[in-house]
S.K.: 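Structure below; questions to follow.
Lettering follows sequence order; numbering is per chain, from 1. The figures here come from the full heavy-atom set of this structure, side chains too, leaving out hydrogens, waters and symmetry mates.
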There are 2 protein chains.
Amino acid sequence: MKTKHSDLIDSLTTRGYRLTPQRELLLSMLSETDTHLSADTLLTRARKAYPRVNKSVVYRNLELLTELGLVSRVDFGGGHVEYEVHRHPHHHHLVCRNCHHMIGISSDTFADLQRQLADRYGFSADMDHLALFGLCHDCQTSEPANAHAQRSHHPHAL
Amino acid sequence: MKTKHSDLIDSLTTRGYRLTPQRELLLSMLSETDTHLSADTLLTRARKAYPRVNKSVVYRNLELLTELGLVSRVDFGGGHVEYEVHRHPHHHHLVCRNCHHMIGISSDTFADLQRQLADRYGFSADMDHLALFGLCHDCQTSEPANAHAQRSHHPHAL
DNA sequence: CGATAATATGCAACTGGTTGCATTTGCAAC
DNA sequence: GTTGCAAATGCAACCAGTTGCATATTATCG
Ligand SMILES: [Zn+2]
Ligand SMILES: [Zn+2]
Ligand SMILES: [Zn+2]
Ligand SMILES: [Zn+2]
């Protein structure tokens with residue numbers, strides 16, 4: 001997707017922001033992958049190509065690119081945030097709190113809710129890229145004892 | 001709400017967890033307020049009564065109390081998390097990204113969505129205490145230039 | 001009531017992310 | 001091409017939250 005990459009660069013420069021090697025690198029890493037990447041992963045990868053890049057630059061630019069709408073941020077909770085280039089249509093994620101399996105869902109699943117919030121409260125909700133937690137189908141029958149995070153410890157519990 | 005407080009303590013001890021002064025203090029602070037409190041606020045307040053309390057204890061106990069369902073956590077994004085005693089019925093929050101005004105809404109607003117996610121994806125979503133971002137009624141007409149966070153800076157922007 | 005064992009706490013080191021400031025650099029004007 | 005200046009970067013100090021471990025405390029049992 002080279003086109004996408006140069007489109008992104010145009011978006012930056014025509015709005016008066018400078019094209020720096022760090023920004024170009026970030027945008028190319030993001031447009032060449034089809035999954036999300038965390039800031040930390042982006043920093044590590046960026047340094048392979050260009051060892052001087054500083055973490056504050058990565059964070060500041062991800063912030064900027066998100067504000068400009070070129071990049072979409074998803075907050076997985078507990079401070080875990082990931083980024084991807086902003087594509088249409090939007091999508092959201094259902095994350096299993098037991099096995100950590102992740103289901104991608106289309107944004108129109110939220111259309112009714114969005115309308116309801118607008119009607120009842122006059123609130124225009126941002127529904128670009130959400131993550132909801134819960135239990136996936138497989139984990140509902142047998143909540144504990146799967147992949148991760150079982151409450152192993154406390155002797156008395158239950 | 002003294003009753004609530006002693007109920008919480010019972011919940012702890014009958015499940016085999018010890019009643020320590022720190023835990024009692026946390027629970028009483030939480031049950032005596034009707035809003036959310038951040039871990040940091042709880043730590044600061046706790047130290048007034050009991051200067052030795054350590055921050056790791058506050059974080060660890062909030063984690064425990066949340067897992068036990070005695071306390072409800074809400075993630076306001078950007079690493080900002082708050083806690084309150086778990087009450088029924090549940091509620092959620094709509095937070096304006098412009099003026100930071102917060103609207104509390106009843107949990108049944110999400111009932112349809114929850115059902116839909118169960119039907120379509122077999123996913124049982126946790127809908128205890130969510131925060132959604134967006135624009136409140138007043139800020140939709142005049143997005144920038146309100147209370148906080150206007151894009152003051154970049155000269156070229158737009 | 002005193003001993004015991006397992007849990008909870010305090011502490012100090014560490015981590016991921018943020019901030020302020022001095023230096024560098026991209027870009028436009030000459 | 002050179003110059004000038006605002007914007008962007010690198011750096012180092014900082015901050016909230018987490019982790020491992022030695023010490024203190026709780027609840028239980030004799
Ligand atoms: Zn996504
Ligand atoms: Zn699962
Ligand atoms: Zn709430
Ligand atoms: Zn508002």
Side-chain angles (χ1 to χ4, degrees), chain A residues 9-10 12-27 37-47 49-68 70 73 75-83 149 151-158, chain B residues 9-27 37-47 49-68 70 73-83 149 151-158:
Chain A
I9 289 175
D10 282 0
L12 254 191
T13 54
T14 59
R15 294 205 236 185
Y17 292 95
R18 291 189 187 163
L19 180 61
T20 65
Q22 294 90 333
R23 281 176 184 169
E24 187 165 7
L25 188 52
L26 274 180
L27 286 173
L37 296 168
S38 69
D40 199 55
T41 305
L42 284 163
L43 176 61
T44 310
R45 291 200 192 169
R47 280 187 165 148
Y50 193 162
R52 304 198 63 196
V53 290
N54 189 272
K55 63 178 171 176
S56 58
V57 169
V58 170
Y59 287 104
R60 282 194 274 231
N61 279 315
L62 288 171
E63 185 68 27
L64 173 69
L65 296 172
T66 303
E67 281 173 6
L68 294 180
L70 304 183
R73 184 206 313 254
D75 187 333
F76 286 110
H80 193 166
V81 173
E82 299 194 343
Y83 301 85
R151 301 221 46 61
S152 48
H153 34 296
H154 204 288
H156 300 221
L158 286 191
Chain B
I9 288 175
D10 282 359
S11 268
L12 253 191
T13 53
T14 59
R15 294 205 235 183
Y17 294 94
R18 292 187 185 164
L19 179 60
T20 64
Q22 294 89 331
R23 282 177 183 169
E24 186 164 9
L25 188 52
L26 273 181
L27 286 173
L37 296 168
S38 69
D40 198 56
T41 306
L42 285 163
L43 176 62
T44 310
R45 289 200 194 169
R47 281 188 165 149
Y50 192 162
R52 305 198 63 195
V53 289
N54 189 272
K55 65 179 169 172
S56 58
V57 169
V58 170
Y59 287 105
R60 282 194 274 233
N61 279 316
L62 287 172
E63 185 68 27
L64 173 69
L65 297 172
T66 303
E67 280 173 7
L68 294 179
L70 305 182
R73 183 206 313 254
V74 56
D75 187 336
F76 286 111
H80 193 168
V81 173
E82 300 193 343
Y83 301 84
R151 303 224 44 61
S152 47
H153 34 296
H154 205 287
H156 301 222
L158 287 190

S.K.: Rounded to whole Å, how long is the line connecting atom CG of A:Leu65 with atom P of D:dA8?
M.R.: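 Answer to the nearest Å: 11 Å.
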S.K.: Using atom CZ of A:Phe76 as one end and atom C1' of C:dG17 as the other, report the distance to the nearest whole Å.
M.R.: 19 Å
S.K.: A:Tyr17 has an atom OH; how far is it from atom P of D:dT9, in whole Å?
M.R.: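 Atom OH in A:Tyr17 sits about 13 Å away from atom P in D:dT9.
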S.K.: What's touching nucleotides 16-21 of chain D from the protein side, N or O pairs under 3.5 Å?
M.R.:
| residue | atom | partner | partner atom | Å |
| --- | --- | --- | --- | --- |
| D:dG17 | OP2 | B:Tyr59 | OH | 2.1 |
| D:dG17 | O5' | B:Tyr59 | OH | 3.0 |
| D:dG17 | N7 | B:Lys55 | NZ | 2.8 |
| D:dG17 | O6 | B:Lys55 | NZ | 3.3 |

S.K.: Just how far, in rounded Å, is C1' of C:dA8 from CZ of B:Arg15?
M.R.: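 Taking atom C1' of C:dA8 as the reference, CZ of B:Arg15 is at 18 Å.
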S.K.: How many whole angstroms separate atom CG of B:Leu68 from atom P of C:dT7?
M.R.: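 It works out to 15 Å between those atoms.
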S.K.: Do A:Leu26 and A:Tyr83 have side chains that approach each other closer than 4.5 Å (heavy atoms only, starting at C-beta)?
M.R.: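 The answer is no, as the side chains (C-beta and beyond) never meet within the 4.5 Å cut-off.
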S.K.: Have a look at B:Arg73 and tell me which of B:Glu67, B:Glu82, B:Glu63 forms a side chain to side chain donor-acceptor pair (under 3.5 Å) with it.
M.R.: B:Glu63
S.K.: Heavy-atom distance under 4.5 Å between the side chains of A:Leu12 and A:Leu27, does that happen here?
M.R.: yes
S.K.: Please say whether more than 12 non-hydrogen atoms of neighbouring residues, nucleotides or ligands are located less than 6.0 Å from CZ in A:Arg45.
M.R.: no
S.K.: Can you check the A:Leu19 CG to D:dT9 P distance for me, whole Å?
M.R.: 10 Å
S.K.: Determine: side-chain N/O of A:Gln22 to OP1/OP2 of C:dT25, distance under 4.0 Å, yes or no.
M.R.: no
S.K.: Minimum heavy-atom separation for A:Val53 and A:Ala46, please, with both atom names.
M.R.: CG2-CB, 3.8 Å
S.K.: Calculate the interatomic distance between B:Leu43 atom CG and C:dG10 atom P; express it in whole Å.
M.R.: 10 Å
S.K.: What is the distance, rounded to the nearest whole Å, between atom CG of A:Leu42 and atom P of C:dG17?
M.R.: 11 Å
S.K.: Under 3.5 Å, is there a donor-acceptor pair between the B:Ser56 and B:Asn54 side chains?
M.R.: yes
S.K.: Between B:Gln22 and B:Arg52, is there a side-chain heavy-atom distance shorter than 4.5 Å?
M.R.: no
S.K.: Among the nucleotides C:dT9, C:dG26, D:dT9, which one has an atom lying closest to any side-chain atom of B:Arg23?
M.R.: C:dT9
S.K.: Consider the side chain of A:Arg18, meaning its heavy atoms from C-beta on, and name the nucleotide among D:dA27, C:dT25, D:dT9 that approaches it most closely.
M.R.: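 Out of D:dA27, C:dT25, D:dT9, the nucleotide with an atom closest to A:Arg18's side chain is C:dT25.
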